[in-house]
2 protein chains.
Amino acid sequence: MDANFDKELFIEKFKNSCNRIQIKNFKKNEIVTTYIEKRNQICIVLSGEVDLIRYDSNGNKTIIGHFVVSDVFGEVFYPANTNNELFVIARKNSEVLFFTYDTLFTKCRRNCDFHKELTSNLTELFLDQIINLNLRIELLTKRTIREKILSYFDILSKRSIRRSFTLPFSYTDLADFLSVDRSAMMRELKLLVDEGFIKKHGNRITLTF
Amino acid sequence: MDANFDKELFIEKFKNSCNRIQIKNFKKNEIVTTYIEKRNQICIVLSGEVDLIRYDSNGNKTIIGHFVVSDVFGEVFYPANTNNELFVIARKNSEVLFFTYDTLFTKCRRNCDFHKELTSNLTELFLDQIINLNLRIELLTKRTIREKILSYFDILSKRSIRRSFTLPFSYTDLADFLSVDRSAMMRELKLLVDEGFIKKHGNRITLTF
DNA sequence: TTTTTTCTGTTGCATATGCAACAATTTTAT
DNA sequence: ATAAAATTGTTGCATATGCAACAGAAAAAA
């Protein structure tokens with residue numbers, strides 16, 4: 001949005017300036033946090049990738065969110081009275097920054113002027129998050145698996161600027177992300193290949209329409 | 001979140017303090033804005049209700065978002081390269097506040113100190129919006145119509161604190177909101193009534209489980 | 001390396017959901 | 001008040017999707 005906003009710089013400041021902020025490292029598949037208690041926690045991915053996961057009562061896994069560098073997540077973004085158990089898992093070795101929402105409104109001991117910047121920069125990160133969520137909703141409101149797949153591929157294609165791109169998910173996880181049955185999705189992918197809409201080599205996709 | 005934050009007050013300030021901000025009134029069914037151009041517009045509902053609508057190539061209507069007082073919306077929250085035509089329609093007579101994202105970073109002529117507050121308060125509104133979007137995603141990722149209905153009713157029930165509540169939508173629109181076929185949804189609603197899970201009188205629902 | 005686990009690719013079958021169509025009812029417009 | 005338009009309620013039918021199950025490939029662990 002604002003061309004002058006430098007996420008990397010912001011994160012660098014984050015790391016160094018305020019004592020109310022924690023940074024932790026996680027190995028692949030480690031649990032980063034759970035959304036059970038309401039601690040008003042805000043998290044920012046500094047490196048790596050993490051997924052927000054829900055298992056429902058039928059054992060269906062859904063990837064609610066997939067977060068990469070500079071993405072924000074945390075239970076503060078969820079309504080208190082959700083019935084679901086949500087948890088965040090590191091998909092790669094990851095570095096995550098933690099602070100609580102209250103931090104925004106209270107001064108830290110050092111009285112760092114970092115707080116002044118924090119709020120305004122956070123608005124920027126929140127905005128990005130809203131854009132991501134709207135994209136997700138665009139996908140999920142599509143009526144058919146085919147439409148979901150093609151919409152998602154379209155996004156990935158535009159991000160990479162090319163007609164070819166590598167999926168950030170395994171096919172198993174892609175199905176969970178699009179909230180559809182894996183085998184049904186594989187079937188639809190095969191049809192898309194057979195009908196000449198896409199090419200597919202491993203997890204590399206090429207659009208041919 | 002922050003108990004001290006007073007949305008009404010914030011909106012009142014918004015209205016009166018800054019010349020970069022526009023307020024417009026819309027009658028029911030009037031188009032509030034479209035998401036075609038990229039003007040980085042941010043809108044806030046001051047009164048009434050508005051819906052963000054998408055029609056896809058098959059003529060399927062989807063209610064992408066339903067916004068009420070103090071909700072934020074606008075094309076700034078959407079990625080630039082979306083293929084869809086989205087537009088916002090007033091569902092009731094509504095009052096909507098408009099400004100551009102740039103407003104946050106430039107001083108207005110009056111040099112109002114309103115800008116200082118604007119950013120930090122906006123963070124609050126953005127946070128609320130993220131919570132709403134996450135709720136929406138919760139619904140949309142549910143695998144069956146029944147689960148979607150019950151999850152949504154559960155939310156409405158908790159909001160009204162009672163087991164009874166009035167739907168904010170017509171049933172036609174509810175189907176569009178849950179992104180399912182209307183007749184299929186009506187069928188599922190009937191089953192839920194027959195099986196004793198809910199009672200249904202007009203657009204008033206009572207949970208009985 | 002070898003073993004174990006996870007992922008991919010595929011298919012038959014059951015069914016939930018979408019689609020089309022219509023009458024009855026309610027709401028909105030004239 | 002009357003006509004027009006939209007919503008609700010319902011059903012038969014077609015099919016897209018979910019489910020279960022399995023073999024082979026790939027990746028991770030030992």
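When reading the values below, keep in mind they use all heavy atoms of this one structure, side chains included, and skip hydrogens, waters and symmetry mates.
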Output the rounded distance in Å from [atom1] ([X]) to [atom2] ([N]).
| X | N | atom1 | atom2 | result |
| --- | --- | --- | --- | --- |
| Glu195(B) | dA16(C) | CD | P | 11 Å |
| Lys148(A) | dT17(C) | NZ | P | 12 Å |
| Leu192(B) | dA16(C) | CG | C1' | 14 Å |
| Lys190(B) | dT17(C) | NZ | P | 16 Å |
| Leu189(A) | dT10(C) | CG | C1' | 13 Å |
| Leu191(B) | dG9(D) | CG | P | 14 Å |
| Ile205(A) | dT8(C) | CD1 | P | 11 Å |
| Asp181(B) | dG12(D) | CG | C1' | 14 Å |

Once you apply a heavy-atom cut-off of 4.0 Å, does [X] come out as touching a base, just sugar-phosphate, or nothing?
| X | result |
| --- | --- |
| Lys28(A) | sugar-phosphate |
| Lys200(B) | sugar-phosphate |
| Thr144(B) | sugar-phosphate |
| Arg146(B) | nothing |

Kindly say if Thr172(A) contacts the phosphate of dT8(C), meaning a side-chain N or O under 4.0 Å from OP1 or OP2.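 Yes, Thr172(A) has a side-chain N/O under 4.0 Å of OP1/OP2 on dT8(C).
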
Ion pair present between Glu30(B) and Lys24(B), side-chain N to carboxylate O less than 4.0 angstrom?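 Result for this pair is no, no salt bridge flagged.
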
Salt bridge or not between Lys61(B) and Asp173(B)? Use side-chain N to carboxylate O under 4.0 Å.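 Asp173(B) and Lys61(B): salt-bridged.
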
Quick check: on DNA chain D, is the nucleotide nearest Ile145(A) upstream (toward 5') of the one nearest Arg182(B), or the reverse? Name the residue that is more 5'.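 Final value for this comparison: Arg182(B).
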
Closest to the [X] side chain: [options]?
| X | options | result |
| --- | --- | --- |
| Ser170(B) | dT8(C), dT17(C), dT8(D) | dT8(D) |
| Met186(A) | dT10(D), dT8(D), dT10(C) | dT10(C) |
| Ser183(A) | dT8(C), dA20(D), dT17(C) | dA20(D) |
| Arg187(A) | dG12(C), dT10(C), dG18(C) | dG12(C) |

Strictly by modelled atom types, are Thr33(A) and Gln41(A) linked by a side-chain donor-acceptor pair under 3.5 Å?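 Gln41(A) and Thr33(A) do have a side-chain donor-acceptor pair below 3.5 Å.
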
Quick check, are the ring centers of Phe126(A) and Phe77(A) under 6.0 angstrom apart?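 For Phe126(A) and Phe77(A), the ring centres are under 6.0 Å apart.
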
Please report whether the ring centroid of Phe169(A) lies less than 6.0 Å from that of His66(A).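 That pair passes the under 6.0 Å test.
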
Quick check: on DNA chain C, is the nucleotide nearest Asn29(B) upstream (toward 5') of the one nearest Val180(B), or the reverse? Name the residue that is more 5'.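 First, find each residue's nearest nucleotide; the 5'-ward one identifies Val180(B).
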
